[in-house]
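Each residue takes its place number in the sequence, starting with 1.
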Amino acid sequence: MPSNDARILLQAAVPTAAVGAIAAVVSGVVAGGKGAIGAVVATVVVILFMGLGLYVLQRTAKSLPHLFQAMGLMLYAAQILLLFIFLAAFKNTTLFHPKAFAITLVVGTLTWIAAQTRAHMKAKILYVEPDKSGHSS
């Protein structure tokens, strides 16, 4: 993964993990141990899903740039489907507090999106390849 991609991934994952830690503490105080577990599980799900999505999109942008937009739409649809499957599988779980999980999932996703947007805005990514020979024609 090129340094810009890794930097963007890190700049999105760190704030999301921090928000997840805060959510785990708050959920632990409000809903007990199961609330904290729900917040931690939600944070891991957000970082895993969004991180893999970012990785796939960056690989697609480099190898198949003409499919980038379609791949982005397909990827987000796949993420929603996988999240639905995850929620359906743990619908009646007693492993964690579902409300703490859901709230942390939404807050974590919004944090990831905001942090990733900020990282992209601050990144100095060339959108035109410079002339490698050093002279213009």
Does L83 share a hydrophobic cluster with F96, counting links as ILVMFWY side-chain heavy atoms below 4.5 Å and allowing steps through other members? yes
Closest non-hydrogen atom pair, Q11 against A115: O-CB, 3.5 Å
Taking every non-hydrogen atom, the tightest pair across P15 and A12: CD-O, 3.5 Å
How far does NE2 of H120 sit from CD1 of I8, to the nearest 0.5 angstrom? 4.0 Å
Do L87 and V46 land in one hydrophobic cluster if side-chain heavy atoms of ILVMFWY residues count as linked below 4.5 Å? yes
Rounded distance (nearest 0.5 Å) linking atom CG of L105 with atom CZ of F86: 8.5 Å
Quick check: do M71 and L64 have side-chain heavy atoms less than 4.5 Å from each other? no
Do V19 and L110 belong together in a cluster built from hydrophobic side chains that touch within less than 4.5 Å? no
Enter the distance from M121:CE to Q116:CD here, rounded to the nearest 0.5 Å. 13.0 Å
Nearest heavy-atom pair of L75 and G53: which atoms, and what distance? CD2-O, 3.1 Å
dist T60:OG1 -> H66:NE2 (nearest 0.5 Å) comes out at 10.0 Å
Applying a strict under-4.5 Å side-chain criterion to I, L, V, M, F, W and Y, I'd like to know whether V45 and M50 cluster together. yes
Spatial distance of atom CG (L48) from atom OG1 (T43) [nearest 0.5 Å]: 12.0 Å
When you measure from the side chain of Q79 to the backbone N and O of F49, does any donor-acceptor pair fall under 3.5 Å? yes
With rounding to the nearest 0.5 Å, note down the distance linking CH2 in W112 to CD1 in I47. 6.5 Å
Where T104 and A23 come nearest, the two heavy atoms and their spacing: OG1-CB, 3.6 Å
Nearest heavy-atom contact between G35 and A100 is O-CB, 3.5 Å
Quick check against the 3.5 Å criterion: does K34 have a side-chain atom that pairs as donor or acceptor with the backbone of T94? yes
Are L54 and L67 co-members of a hydrophobic cluster defined by side-chain heavy atoms under 4.5 Å apart? no
Of all heavy-atom pairs between G108 and T16, which one has the smallest distance, and what is that distance? O-CG2, 3.8 Å
CA sep, side-chain torsions, deciding dist, call: F101, V40, side chain to side chain contact (heavy atoms under 4.5 Å, CB included): CA-CA 8 Å; F101 172 81; V40 168; over 6 Å; no
Taking the side chain as every heavy atom from C-beta outward, state whether L95 and I37 have any atom pair closer than 4.5 Å. no
